[in-house]
Amino acid sequence: MADTVAASGQGTRRSRRRGLLWHARRNPSMTLGLAILALVILGTVFASRLTHYDPILIDPLARLKPPSAAHALGTDVVGRDLWSRTIYGGRISLLIGITVALLTTSIGLLIGLVSGYNRTADAILMRIMDGLMSIPAILLAIAFMAFMPASIITVVAAISIVEIPRVVRLVRGVVLSIREQAYIEAAVISGSRVGRILIRHILPNTLAPLSVQATYVCAAAILFESLLSFLGAGTPPEIPSWGNIMAEGRTYFVLAPWIILAPGFMLSLTVLAINLLGDSLRDLLDPRFARRL
Amino acid sequence: MWTLIIRRMLATAPVLATVAVVVFAILHVAPGDPAAVIAGDQATPQQILDIRAKLGLDLPFRDQFMLWLNNTLHGNFGTSIFSNQPVGLLILQRLQPTIALTITTTIVTVALAVPIGVLAAWRAGSWIDRMLMSFAVLGFSFPVFVVGYILIYLFAVELRFLPIQGYRPLEDGFWPFLQHLVLPSLALGMSFMALIARITRASVLEVLSQDHIRTARAKGMSVRQLLFSHALPNAAVPIVTIIGAGVAILLGGVVVTESVFAIPGLGRLVVDAILQRDYPVIQAVLLIFSVTYVFVNLAIDLLYVVVDPRIRY
C-alpha cells in the first residue's frame, strides 16, 4: 500500500484535502459497503440497547407470532423474540468471520512464503493444498465438524482448514513473481540472508493482495458458519447464531417464514457489505493481483 | 500431443492420493478413540468393540489405510454402520437426484450467465452493465439456502406456481420431474451464475479492445455475429476454466440445496451420515465428490485444445 501512495504522490496529497464527502461520492460501492458494515457492527455491539428482550428467554404465550409492534420481526417456535436473536446472533458471525480472516491470512502467509521460496517445500506443500482444495469446501468442513466436539473453536478451525489453501496459493503466486525481480537478485548478490529477503523485500508486496483476500475470507467464513450451523454441524445449537436460528425455522417455514428470512437477510446483507468493501479495496490497491477466482 | 495429455492425466495422481489420505485421516484427527467417537455418548462398551472390529480400527494405521484403499479401488465402499447396508448400494439409490440437479443447474447457469456477461461487456459502463454486475455481486453474497428459501416463499408459498419441496424421479414423467427441479437449480446456480457472468464480462471486454474486432466492425459485421462468433470464442479459455473451478461450488452447494428442498440425493445422504457419524458413508461420498471434481477439471484442461486450437500444451 505504501507503494501506491508513494507512486501517486502529488495526486494523493491533493485528494486527501478534498475531504470525506468527495471520496464517498467517487467510490459509491465502498461507501455503501462501509455504511452497511458499520450499521451491522454497531447493531451487534450495542445489541442490548436495541432490544429489551432476552435472546434466549422463552415465552410460551407468544409462540410463532408474526412481526408486530411488540415483536418487530416476530417470534420463534418457543416465543423468543426474533429481532433480539438476530442482532445478538450477529456477534457470533462477525466474531468468527474476523477470527478466521486473521488466522488464515497469517498461517497462509507463512506457508505461502516458504512455499514460494523453497522448491522442495513447495512440491510437498502444494500437493497437500491441491488435495485439500479438491474436496468440496462445505463437505470438508462438516466432515471435520462431525468428529470434533461442537464448539466455536472447532467451527473456526474447520473453516480455517478450508480457507488456508486459497491464501497460500495467492501468497505463493506473488512470491514467485517477485523473486524474479532484479532487486531481489541484487539483494542476494549483496549477501542478504533468505529470511531478510523474505521479510524486507517480498513480504511487503504480498500485503495489498492479502488484505483484499482477507475481506473475502471474512465473508466466506461468515457464510460457512451459517451453513454449518444450518446443517446442524456448526456452532452449538444453544448459541443464537444466524445459522442456528435458520436451522430452527426450517420445520416451520410455511407457517412462519420470518424465522428464516430475517436472519437470512441480515446474513446476506453483511456478506454483501464485506464483498463490496473487498471489491473496491481490490480496485483501489492493485487491479492486477487479487482477482477473485 | 498425446504425451502431454497423458502427462496431464498422471499429474492428477498425487492430487487423488492426497485426497484419499485426507478423506481417510479425518476420522483419526479427532481426539480420543475413533470407535468411541462414532458410537456416540450413550454407547455400551460392546457397541464400541463392534464398531472397532467392523472398521478394522484394531489394525495399525498403515494397514488400515492400505486395506481401505484396496477395498475402495475394487469398488467396495464397506457397510453403513447404521443401516447395515452396503455403502455402494446406498450411493446408487441416491445418485439420480444429484446428477439431475447438477446437470439442470449447469445448463441453466451457463445458458443465462454467458449471454449476461457478453451483454455487460458489450455495453460496458452503461446502466445495463452496472445493473447486471450489481446483480452479480448480489448473487455472490446471498447464500444458497437464503436464496432457496426466498424462492420457495415467492413461487411456492405465495404464488403457488411450483411445488415447495421434494423430488420426482424421471420415471414419474418428465414434467413433474422438471417442476421439482426449477427452484433448486435456480437457488444452486445463483452464485455460480454470478461468477461466470463476471469472468465472461472481463474476458470478452479484453477481446473487444483488440484490432481484429475493430476491423470486423469497420467491415460492417453485425453486432450479434461480432460478439458471438468473434469475441466469445476468443474469450472462451478463462470462461471454461471458471466453469470447471465452479464445479466445486456446485458440488458443495448440492449438499445444502438438497437439505433446503428435501431432495433425497447424495448431499442429503452425506449430511445425515455426518450427523450420525456414519463413517464409511462419509468417506465414500467425500471421495466421490472430490474425484468428480478432479476429473471434471482434467476434462476442462483437455477441452482447452478444442476451445482454443492454438493451445497444444
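In what follows, chains are A, B, ... by sequence order, proteins preceding strands, each numbered from 1. Just so it is clear, the structure is predicted and the values come from calculations on it, not from any experiment.
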Exercise. Kindly check if the number of other-residue, nucleotide or ligand heavy atoms within 6.0 Å of CZ (B/Phe65) is above 12?
Key: yes
Quiz prompt | Stepwise salt bridge (Lys or Arg N to Asp or Glu O under 4.0 Å) check, A/Arg127 with A/Asp130 | solution = CA-CA 5 Å; A/Arg127 286 295 87 72; A/Asp130 283 348; 3.7 Å; yes
Quiz item: Side-chain contact, heavy-atom cut-off 4.5 Å: B/Ile249 with B/Ser191?
Solution: yes
Quiz item: What part of B/Phe142 lies closer than 4.5 angstrom to a heavy atom of chain A: side chain, backbone, both or neither?
Solution: both
Quiz item: Where does A/Thr154 contact chain B at under 4.5 Å (heavy atoms): side chain, backbone, both or neither?
Solution: neither
Practice problem: Could you look at B/Val294 and say if it's the side chain, the backbone, both or neither that has a heavy atom under 4.5 Å from chain A? | Solution: side chain
Quiz item: Relative to chain B, which of A/Phe230, A/Phe144, A/Phe265 shows the most heavy atom pairs under 4.5 Å?
Solution: A/Phe230
Quiz item: If only atom types and distance count, is the side chain of B/Thr102 paired as donor or acceptor with the main-chain N or O of B/Ile99 below 3.5 Å?
Solution: yes
Quiz item: Nearest 0.5 Å, what's the CD-CG distance between B/Glu258 and A/Leu231?
Solution: 11.0 Å
Quiz item: Step by step, would you call A/Phe253 with B/Gln165 a side chain to side chain contact (heavy atoms under 4.5 Å, CB included)?
Solution: CA-CA 11 Å; A/Phe253 183 69; B/Gln165 282 176 323; over 6 Å; no
Exercise. Would you give the length of the straight line joining atom CE of B/Met9 to atom CG of B/Leu298, rounded to the nearest 0.5 angstrom?
Key: 5.5 Å
Quiz prompt | Closest-packed option against chain A by number of heavy-atom pairs under 4.5 Å, given B/Leu251, B/Val247, B/Val255 | solution = B/Val255
Quiz item: Checking heavy atoms, do the side chain of B/Ile274, its backbone, both or neither come under 4.5 Å from chain A?
Solution: both
Quiz item: Closest heavy-atom contact between B/Phe192 and B/Gly246?
Solution: CE1-CA, 3.3 Å
Quiz item: Checking heavy atoms, do the side chain of A/Leu261, its backbone, both or neither come under 4.5 Å from chain B?
Solution: side chain
Practice problem: To the nearest 0.5 Å, tell me how far B/Ile81 CD1 sits from B/Asp278 CG. | Solution: 5.5 Å
Practice problem: For chain B, find which of A/Ser226, A/Ser268, A/Pro136 contributes the most heavy-atom pairs closer than 4.5 angstrom. | Solution: A/Ser268
Quiz item: Tell me, side chain or backbone of B/Leu16 under 4.5 Å from chain A's heavy atoms, or both, or neither?
Solution: neither
Quiz item: Considering heavy atoms only, which positions within residues 263-272 of chain B lie below 4.5 Å of chain A?
Solution: B/Arg268, B/Val270, B/Val271
Quiz item: Given that the side chain runs from C-beta out, which part of A/Ile142 has a heavy atom under 4.5 Å from chain B: side chain, backbone, both or neither?
Solution: both
Quiz prompt | Any residue of residues 236-251 of chain A which, by heavy atoms, sits under 4.5 Å from chain B | solution = A/Met246, A/Arg250
Self-check item: Candidates A/Leu223, A/Ile159, A/Ile96 - the one meeting side chain to side chain contact (heavy atoms under 4.5 Å, CB included) with A/Leu228
Solution: A/Ile159
Quiz item: Can you tell which of B/Leu287, B/Val256, B/Val260, B/Val21 has the highest number of heavy-atom pairs within less than 4.5 Å of chain A?
Solution: B/Val256
Exercise. Run the numbers on B/Arg201 and B/Leu132 for side chain to side chain contact (heavy atoms under 4.5 Å, CB included), then give the verdict.
Key: CA-CA 10 Å; B/Arg201 177 185 178 275; B/Leu132 289 174; over 6 Å; no
Quiz prompt | Enclosure of A/Trp83 CH2 (heavy-atom neighbours >12, cutoff 6.0 Å) | solution = no
Quiz item: If you round to the nearest 0.5 Å, how far is CG of A/Leu276 from CG of A/Leu37?
Solution: 10.0 Å
Self-check item: Steps toward side chain to side chain contact (heavy atoms under 4.5 Å, CB included) verdict (A/Arg166, A/Gln213)
Solution: CA-CA 9 Å; A/Arg166 284 154 237 273; A/Gln213 187 69 15; 4.3 Å; yes
Exercise. With a 4.5 angstrom heavy-atom cut-off, could you sort out which part of A/Leu267 is near chain B: side chain, backbone, both or neither?
Key: side chain
Quiz prompt | Greater than 12 external heavy atoms within 6.0 Å of B/Leu69's CG | solution = yes
Self-check item: Pairs of heavy atoms under 4.5 Å with chain A: top-ranked of B/Val23, B/Leu250, B/Ile282, B/Leu286
Solution: B/Leu286
Quiz item: What option among A/Ile138, A/Ile274, A/Leu272 has the most heavy-atom pairs under 4.5 Å with chain B?
Solution: A/Leu272
Self-check item: Segment of A/Ala137 engaging chain B (4.5 angstrom heavy-atom cut-off)
Solution: neither
Practice problem: Step through the shown structure and confirm whether more than 12 heavy atoms of other residues, nucleotides or ligands are within 6.0 Å of CZ on B/Phe82. | Solution: yes
Practice problem: Without swapping roles, check the side chain of A/Asn118 against the backbone of A/Val114 for a donor-acceptor pair under 3.5 Å. | Solution: no
